[in-house]
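See structure below.
These numbers come from the heavy atoms of this one structure, side chains and all, not from hydrogens, waters or symmetry mates. From a predicted model like this one, the values you see are computed outputs, not experimental measurements.
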Amino acid sequence: MEVPVIETRGLIKSYRTGEHAVPVLRNVSMSVHRGECLFLVGPSGSGKTTLLSILGCVLSADSGEIRILGHDVKHLNPDEQAKFRREKIGFVFQRLNLFDALTALENVCIPLQLLRWKKAAAVSRSKQLLDLLGLGGLTDRNVTQLSMGQRQRVAVARALAADPELILADEPTASLDESSGLQAIATLKDLCRSLGKTVVVVTHDSRIFSFADRVLTLNNGQMKPSVHTDSLSAVRMDTNPPEPAKKAA
Amino acid sequence: MISFAIKTLLSNRSKLFTGVAGVIFSLVLVNIQGGLYLGLMKKASLLVDHNDADLWVTHKLVENVDLAREIPESWQQRIRGLPTVQKAVPYIVGKGTASLNSGHMEDVWVIGSDPDSMLGSAWGFVAGSRADLRRPYGVSFDEVDSEKLGHPQIGEWLEVNGQRTRVVARTNGITGFITMPYLFTTYNTARNLVRMPSGLTSFILVKLRPGKDRVALQQLIQQRIPDACVYLPEEFASISQRYWMKRTGIGISFGAATLLGLLVGLTVVGQSLYAMAIDHLKDYATLKAIGARDSDVCSVILTQTIWIATVGTFLGMLVVYLIANFWNSPLAPVYIRPLLAAASVVVMFAICIVAAFVPYLRIRKIDPVTVLIG
């Protein structure tokens with residue numbers, strides 16, 4: 001049986017506020033298989049972003065087990081975590097966090113520069129991705145001169161640049177209008193599916209739930225079975241992992 | 001990461017300008033202070049530096065070329081007898097007082113050279129020549145001192161210690177450390193003007209035969225005349241400079257100003273880099289979130305620092321060049337040696353790199369999780 005891309009068991013995380021520890025994640029167990037597009041939903045403060053941060057190796061759980069791509073990431077030191085993120089994980093941040101001083105192309109090149117790619121190869125790869133995302137004519141445009149939808153696509157290209165196996169997206173439609181949001185999530189999902197990437201999306205935007213292969217709900221730090229409308233029949237509505245999706249060619 | 005570093009730097013022009021201005025200010029201050037110091041020190045040994053003598057024979061207690069003590073003139077005979085000596089001539093450096101037409105008095109140095117060789121005589125003539133100084137009671141003065149001496153014209157009389165001299169030449173650039181006018185003349189005229197007692201002189205200047213060893217002769221003369229001090233020119237120049245340095249504390253004041261310049265540079269560059277880093281904390285957090293190493297972040301800060309240092313150094317040295325070439329005067333000479341300029345550039349780069357540590361330490365502390373959980 002194929003090893004899950006993400007596998008957590010009994011994750012617990014608390015934040016300290018003075019003397020008190022406020023629990024954020026309580027005994028969270030989940031699995032995500034290769035090629036799956038999983039949505040993490042829940043009300044504000046339910047622990048979605050904290051869970052995403054732990055999955056992205058930028059935050060450590062207090063206890064519990066976590067394996068990403070077969071690696072026990074709980075015991076990685078900060079340098080090893082950074083290496084893991086650099087090589088294995090692509091991020092699409094809620095506020096996009098593009099580098100405003102750079103062009104679209106330069107933004108996409110950054111993860112490749114961190115991987116010490118040669119400049120020509122990095123530029124070629126970045127142009128290829130921007131072309132795929134329909135931004136081929138805007139590569140030399142400063143990102144501040146792009147529309148929010150275009151910026152979103154630059155952020156997706158940057159997340160995919162280093163060819164990571166796992167894409168983590170935090171509220172990717174939060175700063176977009178409805179049509180741009182739907183288009184962005186459709187693009188993200190299509191591209192990741194065609195490239196065989198595993199995607200975890202944190203969102204509370206119910207309009208895009210239909211794009212998920214499966215939806216998990218967090219409530220007060222606990223994983224709940226998700227209930228969906230019948231029209232979303234393709235969506236698995238429980239906390240059990242589905243069969244591994246076939247990787248697209 | 002170089003383009004990221006430079007583009008981020010260029011996107012923040014006001015802080016870039018402040019940082020570059022800090023480097024320019026610091027570099028100019030260090031070079032001008034250092035150049036003024038070296039220029040003043042050169043003035044302290046002016047008579048030695050512009051003298052072709054190979055050896056200086058002086059009184060044992062002499063600490064400065066301008067403040068001579070009398071020695072027996074007869075020593076020159078004992079020196080001339082040595083086989084490697086080509087020439088040994090007496091040289092007078094004495095004080096006098098010039099009486100001006102206006103009724104004012106002005107203290108002057110009277111410098112008297114052997115009339116045959118004119119060793120140690122004036123240079124930089126703008127009117128007249130060394131040969132003119134051989135005319136009876138002929139003296140030269142420097143343009144810088146013209147006002148002090150009541151603007152004497154060539155051919156006019158100038159009274160020194162109650163005796164008439166004739167102004168026969170004018171020079172440019174001969175100003176000593178304590179800015180008393182130098183009047184150059186022949187040995188005998190100087191002897192009369194400063195009322196040097198018979199059989200005494202200020203210094204004996206020695207010229208070697210070509211190809212002979214200066215140090216060997218120095219030791220030989222020292223053995224032959226144990227009461228004298230025999231110096232190589234560079235030794236006597238150094239002694240003369242040290243005298244003023246110790247007596248006036250000039251080194252401390254110039255050193256303090258130079259240190260201040262470096263501190264200003266350190267503070268301004270450090271503050272600019274820090275402010276720039278604070279402005280881009282979000283970018284650095286993002287970089288770390290997507291896997292940047294500490295060395296990547298360090299390379300960004302270092303690139304920005306070196307860029308500021310390079311641009312600042314280029315512009316700063318241009319300003320230094322302009323000041324040294326167009327704002328230089330004999331009264332306040334700015335003497336910038338290549339070694340001083342090179343050292344200031346190295347120190348400036350070192351200062352900039354030190355200044356980069358503060359923002360680097362701040363950025364190192366950024367937790368990448370702040371990108372996701374603000």
Give, as side chain, backbone, both or neither, the part of [X] having an atom under 4.5 angstrom from any heavy atom of chain B.
X      : result
A:L98  : backbone
A:D170 : side chain
A:Q94  : neither

Q: Start with the C-alpha gap between B:D296 and A:R116, add the side-chain angles, then the distance that decides, and say whether side chain to side chain contact (heavy atoms under 4.5 Å, CB included) holds.
A: CA-CA 10 Å; B:D296 294 318; A:R116 307 281 188 256; 2.9 Å; yes

**Q.** From A:L102 atom CG to B:D283 atom CG, the distance as rounded to the nearest 0.5 Å
**A.** 8.0 Å

Q. Out of A:L115, A:L59, A:L52, which one racks up the most heavy-atom pairs below 4.5 Å with chain B?
A. A:L59

Quick check: are there more than 12 heavy atoms from other residues, nucleotides or ligands sitting under 6.0 Å from [atom1] of [X]?
X      : atom1 : result
A:K127 : NZ    : no
B:Y321 : OH    : no
A:K83  : NZ    : no
B:I2   : CD1   : no
B:F357 : CZ    : no

(Q) Need one label for B:N12: side chain, backbone, both or neither, based on atoms under 4.5 Å from any heavy atom in chain A. (A) neither

**Q.** Contact origin within B:S299 toward chain A - heavy atom pairs under 4.5 Å
**A.** neither

Q: Start with the C-alpha distance between A:F99 and B:L287, add both sets of side-chain angles, then the distance that settles side chain to side chain contact (heavy atoms under 4.5 Å, CB included), and finish with yes or no.
A: CA-CA 9 Å; A:F99 303 111; B:L287 273 180; 3.8 Å; yes

Q) If you look at every heavy atom in A:F93 and B:A289, which pair is closest and at what distance? A) CZ-CB, 3.8 Å

Q.
Ignoring hydrogens, what is the shortest heavy-atom contact between B:A292 and A:R86? Give both atom names and the distance.
A. C-NH1, 4.4 Å

Q | Candidate list B:I290, B:V369, B:T370, test side chain to side chain contact (heavy atoms under 4.5 Å, CB included), partner A:V58, passing option | A | B:V369

**Q.** B:R293/A:D79 under side chain to side chain contact (heavy atoms under 4.5 Å, CB included): CA gap, chis, key distance, verdict
**A.** CA-CA 7 Å; B:R293 310 161 188 82; A:D79 287 344; over 6 Å; no

Q. Is there a side-chain contact between A:Q81 and B:P368, using heavy atoms and a 4.5 Å cut-off?
A. no

